[in-house]
Amino acid sequence: MRIATWNVNSIKQRLDHLATFVKSADPDVLCLQELKCMDEAFPRAEVEALGYNVVTHGQKTYNGVAILSKKPLEDIRRGLPGDDGDEQARYLEGVISTSAGVVRVASIYLPNGNPIGTPKFDYKLAWMDRLIAHARRLHGLEEPLVLCGDYNVIPEPKDAANPEAWANDALFRPESRAKFRELENLGFSDAVRACSDQPGLYSFWDYQAGAFQRNNGIRIDHLLLSPQAQDKLKSASIRKEVRGWDKPSDHVPVMVDLNID
DNA sequence: ATGGCGGTGGAGCACCGA
């Protein structure tokens with residue numbers, strides 16, 4: 001089973017890229033972030049025509065997450081528990097049944113949090129606390145589980161081309177990194193790092209200042225695996241070439257292959 | 001780089017992203 005995650009920065013703007021990507025990579029499950037549209041406006045028919053079941057949790061203009069799956073999704077959860085007043089569409093979860101048992105997948109769009117010292121950063125940290133609490137419960141299910149998405153966290157200095165430039169950024173603040181570690185320390189492993197400790201593995205390059213041409217990137221899109229998913233981990237990869245396509249998203253797909261049929 | 005680009009809404013330019 002191949003599971004991918006991709007912040008598309010507007011699904012309407014990226015529909016051609018989505019089709020090209022799924023035809024070449026052929027993921028069984030694809031988690032999307034930053035749809036920037038409401039559920040009714042999601043290009044459902046076009047995506048279904050590519051061979052996927054579609055579950056969305058959309059919002060006007062901002063945020064929005066989806067899970068595309070060749071097999072049907074069940075036990076759908078829209079939104080992260082812990083704050084009924086939170087209107088932002090940043091979390092979607094579902095379960096896929098296979099001949100080898102179930103696999104649970106979440107599509108996560110963690111808040112950016114900039115600038116620090118404002119309510120936006122407080123919201124990011126509070127959202128991470130809610131994610132940690134929910135992930136702790138899911139971990140207890142002892143299922144293969146993949147928490148994937150745009151975490152907006154640079155875990156380590158080697159995950160940025162110029163880490164010093166990010167010192168005061170919400171993506172690299174010690175508080176953000178500590179909460180990401182807290183999540184990992186529940187017993188989740190960062191799939192890309194389980195496969196490689198090399199520097200220079202990035203999933204995002206800014207549109208500005210020729211960041212991609214200079215390879216001035218950061219790694220902020222992650223797939224965290226429960227122990228039962230780690231047992232099945234075959235490989236992980238970052239589809240860097242997608243950033244070189246015409247009119248790309250600023251993020252590229254990241255994916256894992258699991259030994260699950 | 002205190003915002004160089006890109007998307008949205010809606011028809012200016014503000015807001016957001018990372």
Side-chain angles (χ1 to χ4, degrees), chain A residues 5-18 31-43 46 56-66 86-91 107-128 131 148-180 192 200-222 238 240 242-254:
Chain A
T5 183
W6 190 11
N7 178 323
V8 290
N9 187 17
S10 170
I11 185 62
K12 290 182 205 168
Q13 293 295 326
R14 227 61 64 196
L15 202 48
D16 288 349
H17 282 18
L18 182 78
C31 294
L32 302 176
Q33 300 87 35
E34 278 212 88
L35 306 178
K36 295 189 172 180
C37 68
M38 300 205 282
D39 291 336
E40 312 85 85
F42 186 92
E46 292 88 333
T56 62
H57 181 38
Q59 178 182 338
K60 188 178 173 71
T61 311
Y62 304 119
N63 309 318
V65 287
D86 187 357
E87 302 288 334
Q88 301 191 29
R90 296 180 175 276
Y91 185 89
S107 183
I108 293 167
Y109 180 43
L110 208 145
N112 172 307
N114 279 307
I116 60 170
T118 70
K120 288 174 182 283
F121 191 53
D122 297 337
Y123 174 69
K124 176 180 191 143
L125 297 179
W127 204 95
M128 293 186 83
L131 179 61
C148 52
D150 175 1
Y151 280 76
N152 272 318
V153 175
I154 303 165
E156 298 290 337
K158 69 182 172 192
D159 296 312
N162 297 112
E164 55 289 340
W166 297 91
N168 276 322
D169 194 286
L171 279 62
F172 195 52
R173 288 292 299 170
E175 300 92 324
S176 309
R177 294 172 58 198
K179 291 211 184 287
F180 186 78
V192 166
L201 302 175
Y202 309 132
S203 66
F204 169 92
W205 296 260
D206 201 288
Y207 287 122
Q208 303 178 78
F212 184 60
Q213 290 71 21
R214 300 176 181 194
N215 199 25
N216 180 16
I218 52 177
R219 193 176 70 91
I220 56 175
D221 298 271
H222 310 300
I238 299 179
K240 181 177 181 179
V242 173
R243 187 63 175 79
W245 294 353
D246 189 45
K247 302 272 181 193
S249 169
D250 38 8
H251 298 249
V252 298
V254 183

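Chain A is the first sequence line, chain B the second, and so forth, proteins listed ahead of strands; every chain is numbered from 1.
If you take CZ of A/F204 and C1' of B/dC5, they are 10 Å apart, rounded to a whole angstrom. Between the C1' atom of B/dG7 and the CG atom of A/L15 lies a distance of 16 Å, rounded to the nearest Å. Atom C1' of nucleotide B/dC16 and atom NZ of A/K124 are separated by 14 Å, given to the nearest angstrom. Rounded to a whole Å, the CG atom of A/N114 is 9 Å from the C1' atom of B/dG17. Atom CG of A/D206 and atom P of B/dC16 are 17 Å apart (whole Å). Rounded to an integer number of Å, the gap from OH of A/Y123 to P of B/dC16 is 13 Å. Remark: C1' of B/dC16 and CD of A/E34 are 9 Å apart, rounded to the nearest angstrom. Residue A/H251 contributes atom NE2, which lies 17 Å from atom P of B/dC16 at whole-angstrom precision.
At a threshold of 4.0 angstrom between heavy atoms, the contacts of A/N7 are confined to the sugar-phosphate backbone, with no base atom among them.
Without hydrogens or angle criteria, A/D39 side chain to A/G58 main chain gives a donor-acceptor distance under 3.5 Å. A donor-acceptor distance shorter than 3.5 angstrom exists from the side chain of A/K124 to the backbone of A/N152, with no hydrogens or angles considered. No side-chain donor-acceptor contact under 3.5 Å links A/R219 to the backbone of A/S203. For the pair A/S176 (side chain) and A/A170 (backbone), a donor-acceptor distance under 3.5 Å is present. Counting only distance, with no hydrogens or angles, the side chain of A/R243 and the backbone of A/W205 share a donor-acceptor pair below 3.5 Å. No donor-acceptor pair under 3.5 Å is formed between the side chain of A/S10 and the backbone N or O of A/K36.
On the C1' atoms, B/dG10 is 13 Å away from B/dC15, given to the nearest whole Å. Comparing B/dA14 with B/dG3, their P atoms are spaced 14 Å from each other, to the whole Å.
Applying the ring pair (Phe, Tyr, Trp, His ring centres under 6.0 Å) rule to A/H57 yields no partners; only residues at least two apart in sequence or on another chain are considered.
Taking the six-membered ring where the residue is Trp, A/H222 and A/F180 present tilted rings, their angle falling between 30° and 60°.
Projected onto DNA chain B by closest heavy-atom contact, A/I218 and A/G210 fall at different nucleotides, the more 5' of which corresponds to A/G210. Looking at which nucleotide of DNA chain B each of A/R214 and A/Q88 is closest to, the 5′-most match is held by A/R214.
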Table of protein N/O atoms under 3.5 Å from nucleotides 8-10 of chain B N/O atoms:
{"residue": "B/dT8", "atom": "OP1", "partner": "A/S10", "partner atom": "OG", "Å": "2.4"}
{"residue": "B/dT8", "atom": "OP2", "partner": "A/Q13", "partner atom": "NE2", "Å": "3.0"}

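Between the side chains of A/D86 and A/Y91, no donor N or O sits under 3.5 Å from an acceptor N or O.
For the segment residues 149-157 of chain A, the set of residues with a heavy atom within less than 4.0 Å of an atom of DNA chain B comprises A/D150, A/N152, in numerical order.
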